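Given the structure is predicted, the values throughout are model-derived calculations rather than measurements.
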Amino acid sequence: QLVESGGDLVQPGRSLRLSCAASGRALEHYVMGWFRQASGKEREAFSCASAKDNSTDYIDSVKGRFTISRDNAKNTVYLQMNSLKPDDTAVYYCAADFRLSRLCGNSWHQAQTYEFWGQGIQVTVSS
């Protein structure tokens, strides 16, 4: 099971850190993805962290503002979100996939490639 935490209501321009913790599996071996779904929109992948190396991927709209990282000792993956905008308002999900390559690869944005999901957590950016 994956459990997200850290969601909140914040003002535009502020920061927030989401956590994704796991029980029963070591996340260091899993490719980790972050998705979000705004009201009335499709779920969108916006970040991925490979398990093999420290490589990460981001979509353009969050690049430079969001950072995905791991703390293997705590079996937790983090999403640091800075300079938040109202358009970042959504339910945020972490997802994990155990793949032989241990890399995000070209399919990291496809939800069906992830095996395990968190329940989602609300992030609201509003003044």
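For Arg14, the CZ atom sits in a loose shell: 12 or fewer heavy atoms of surrounding residues, nucleotides or ligands are nearer than 6.0 Å. Enclosure of atom CD in Glu42 is not indicated, since only 12 or fewer non-hydrogen atoms of other residues, nucleotides or ligands lie within 6.0 angstrom. By the 6.0 Å contact criterion, CD on Gln119 is enclosed, its count of non-hydrogen atoms from other residues, nucleotides or ligands being greater than 12.
Cation-pi geometry between Arg25 and Phe116 is met: under 6.0 angstrom from the ring centre, within 45 degrees of the axis. Seen from the ring of Trp34, Arg43 does not count as a face-on cation partner, given the 6.0 Å and 45° thresholds. Taking the ring centre of Phe46 as origin, the terminal cationic atom of Arg36 falls inside the region bounded by 6.0 Å and 45° from the ring axis.
Inspection of the Asn82 and Ser15 side chains reveals an N or O donor paired with an N or O acceptor under 3.5 Å.
Using a 4.5 Å heavy-atom cutoff, the side chains of Thr76 and Arg70 are not in contact. The side-chain heavy atoms of Cys48 and Tyr114, taken from C-beta on, include a pair separated by under 4.5 Å. Between Tyr58 and Thr67 the shortest side-chain heavy-atom distance falls below 4.5 Å. In this structure the side chain of Ile68 never reaches within 4.5 angstrom of the side chain of Asp57, judged on heavy atoms. A 4.5 Å side-chain heavy-atom check between Gln37 and Tyr93 finds at least one atom pair inside the cut-off. Gln80 places none of its side-chain heavy atoms less than 4.5 Å from the side chain of Leu16. Side-chain atoms of Cys104 and Ser55, non-hydrogen and from C-beta on, never get closer than 4.5 Å to each other. Leu9 has its side chain out of reach of Gln122: every pair of non-hydrogen atoms, C-beta onward, lies at least 4.5 Å apart.
Smallest separation of non-hydrogen atoms from Met32 and Ala96: SD-CB, 3.5 Å. Across all non-hydrogen atoms, the minimal contact from Leu18 to Met81 is CG-CE, 3.7 Å. Closest of all the heavy-atom pairs between Trp117 and Ala111 is CZ2-O, 3.4 Å. The shortest heavy-atom contact between Leu2 and Ala22 is CD2-CB, 3.7 Å.
In terms of modelled atom types and a separation under 3.5 Å, the side chain of Asn75 and the main chain of Asn72 share no donor-acceptor contact. Ser101 places a side-chain N or O within 3.5 Å of a backbone atom of Leu103 that can act as its donor or acceptor partner. Without hydrogens or angle criteria, Thr89 side chain to Val125 main chain gives a donor-acceptor distance under 3.5 Å.
Both Ile59 and Leu79 belong to a common hydrophobic cluster when Ile, Leu, Val, Met, Phe, Trp and Tyr are linked at side-chain heavy-atom distances under 4.5 angstrom. A continuous path of ILVMFWY side-chain contacts below 4.5 Å connects Phe66 to Val31, so both sit in one hydrophobic cluster. A chain of hydrophobic side-chain contacts below 4.5 Å, direct or via other Ile, Leu, Val, Met, Phe, Trp or Tyr residues, connects Val62 to Ile121. At a threshold of 4.5 Å between side-chain heavy atoms, the hydrophobic network of Ile, Leu, Val, Met, Phe, Trp and Tyr places Tyr92 and Trp108 in one connected group.
Interatomic distance, CD of Glu4 versus SG of Cys94, reported as 4.0 Å (0.5 Å rounding).
Between Asp60 and Lys63 a salt bridge is recorded (basic side-chain N to carboxylate O distance below 4.0 Å). Remark: Arg102 does not engage Asp53 in a salt bridge, criterion side-chain N to carboxylate O under 4.0 Å. Classification of Arg99 and Asp97 as a salt-bridged pair holds, one side-chain N sitting under 4.0 Å from a carboxylate O.
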